[in-house]
Amino acid sequence: MSRIQFSTWDRKRMARSTVVLLVTLFLMALAIPTMAQEVIDDDQVNEIAKEVYCPVCESTPLDVCETLACADWRELIRTKLSEGQTKEEIFAYFANQYGDRVLASPPKKGFNLILWVGPIVAIAVGLFFFSRYLQVLKASNQQEAPTSTAGPVVEQTLPAADDYTARIEQELAKK
Amino acid sequence: MSETIQTSQPEVTTEDTKSVRWGSIISWTVVIGILAMLAWGLLNSSKTRPEAGEVAPEFNMQYFNGYEWEGLSASNLSNMQGKVVVLNFWASWCLECKLEADLLEASWRKYQNDDVVFVGITYADVEPNAIQYLLDYDVTYPNAPDLGTIISSDYEITGVPETFIIDKRGVISHVQIGAVSEQLLTTKIDQLLAQGE
C-alpha cells in the first residue's frame with residue numbers, strides 16, 4: 001500500500017477548507033439560540049395577557065389595557081414566550097412577582113382553594129337540604145291524605161268544631 | 001255533639017334525626033365560613049392609606065442585585081428603627097417619577113451620613129426596566145421590587161410616585177402624593193432629625 005503524499009498546494013487548500021468549515025460551524029453555533037428564540041406575535045402574547053390583570057388598571061385585562069405599565073408587562077410575556085416558557089410558568093412568575101390577584105384564575109392552593117371549593121361545597125349542602133326538605137314535604141303530604149294502612153290511628157275531637165256545633169244548637173234552641 | 005277525625009302519627013326515625021342534625025351543623029359551618037370570608041373581604045376593601053401620625057406598616061424587602069443597606073441584601077422597617085426613613089414608591093413607566101429621581105438621589109447623598117435611609121420600592125414594574133431606570137438615574141440608595149405587591153397594598157398607594165416620610169420611632173410624619181420637592185424633603189428630614197428618638 002503506497003503512502004499518499006500531499007503537495008504544499010494541497011496542504012494549503014486543506015487548511016483553507018478547514019478554516020472555512022470551522023468558521024461555518026462557529027456561525028451556525030451562534031445562530032442556534034437566535035433560531036430558538038422564535039418570533040412571538042401579538043395573538044400569542046394576548047392569549048396569555050387576557051388572563052392577567054395589571055394592578056395599575058384593575059378590572060382591565062392586560063390584552064386591552066393601554067397604559068405604559070401594561071405595555072411593559074405584555075413585552076415581558078413576549079420575552080418569556082420567546083425564551084420557551086410555558087403559559088403556566090409565565091402565570092407562576094406573574095403571581096410570584098405581583099401577587100395572585102393579577103391572575104384571572106388564582107392558583108388552586110392555600111386560601112385561594114376556598115374560592116374554588118367554597119361554591120361547590122355550598123351547592124352540595126344546598127342540594128342536601130333541598131332534598132331533605134322535599135322528603136319532609138312528601139311525608140307531610142302523606143299524613144294529610146292517610147290511607148287505611150298509614151300507621152296507627154287515633155281518635156281526636158276538634159274543640160273548634162265542637163264549639164261551633166254547640167253554638168248552632170244554642171241558636172236553634174232559642175228559636 | 002262532637003266531630004271526630006282520623007289522623008296518623010308521623011314516623012320519625014333516629015336515622016332521620018341524626019342526618020338532620022349533621023346537616024344543620026354542616027350548613028351552619030358553611031354559612032359562617034362564607035360570612036367570615038365576606039367580612040374579611042369587606043375589611044380589606046375598606047382599608048385606607050396610613051396617614052401622618054399613624055404607625056408605618058412593617059415591610060420586608062429583598063433588594064435588587066447590586067443594592068444593599070448596611071451590608072444587608074434584605075431588610076425590613078424594624079431594622080431601620082432610630083432612623084428617618086424616606087420610603088418612595090416609583091416605576092420605570094411613570095413619567096412623574098422621573099421628575100423627582102435626581103432630587104431623591106441628591107438628597108440621599110446629602111443625608112446618607114446622618115440617621116436617614118432612603119428606600120425605593122418599584123410598583124408593578126418589570127425588573128429589567130426597573131434596573132435600567134436605576135442605572136439611567138444613577139440611583140445609589142437601596143431599591144427593591146415590591147414582590148407580590150405586598151408593600152404597596154399595605155401602604156394603600158393609589159399611584160406612583162408616592163413618598164412616605166417616617167420618623168425615628170416608625171411613625172408616619174408625611175405622605176406625599178405625586179413628586180416631592182426639594183423644600184419639602186429638606187424641611188421634613190431636618191425637622192425629624194432634630195426631634196431625636
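The chains referred to below are lettered A, B, ... by the order of the sequence lines, with proteins before strands, and numbering in each begins at 1.
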Using a cut-off of under 4.5 Å for heavy-atom pairs, which of B:A124, B:P145, B:S153, B:G159 has the most such pairs with chain A? B:A124
To the nearest 0.5 Å, atom CG of A:D72 lies from atom OG of B:S92 at 5.5 Å
Considering non-hydrogen atoms only, spot the tightest contact between A:G99 and B:T149 and give its length. N-OG1, 4.3 Å
Counting C-beta onward and ignoring hydrogens, is there a side-chain heavy-atom pair between B:W93 and A:T67 closer than 4.5 Å? no
So for A:A69, is it side chain, backbone, both, or neither that comes closer than 4.5 Å to the heavy atoms of chain B? both
When you group the ILVMFWY residues by side-chain heavy-atom contacts below 4.5 Å and let the links chain together, are B:I177 and B:V86 in the same group? yes
Cluster check B:I131, A:L76: I/L/V/M/F/W/Y, side chain < 4.5 angstrom: no
Residues, nucleotides or ligands: over 12 heavy atoms within 6.0 Å of A:E89 CD: yes
Identify which part of B:D146 has an atom lying under 4.5 Å from any heavy atom of chain A, answering side chain, backbone, both or neither. backbone
Counting only heavy atoms not in A:K12, do more than 12 sit closer than 6.0 Å to its NZ atom? no
Hphob cluster co-occupancy, B:W90 + B:L135, side-chain heavy atoms under 4.5 angstrom: yes
pair B:Y123-A:P55: side-chain heavy atoms closer than 4.5 Å: yes
To the nearest 0.5 angstrom, please state how far the CG atom of B:D125 sits from the CH2 atom of A:W73. 9.5 Å
For B:N65, is the CG atom crowded, meaning more than 12 foreign heavy atoms sit under 6.0 Å from it? no
Taking C-beta and beyond as the side chain, do A:Y98 and B:L147 meet within less than 4.5 Å on heavy atoms? no
If hydrophobic clusters are built from ILVMFWY residues whose side chains come within less than 4.5 Å, do A:Y164 and A:L172 share one? yes
Let me confirm one number: the CG-CG distance from B:L95 to A:L68, rounded to the nearest 0.5 Å. 6.0 Å
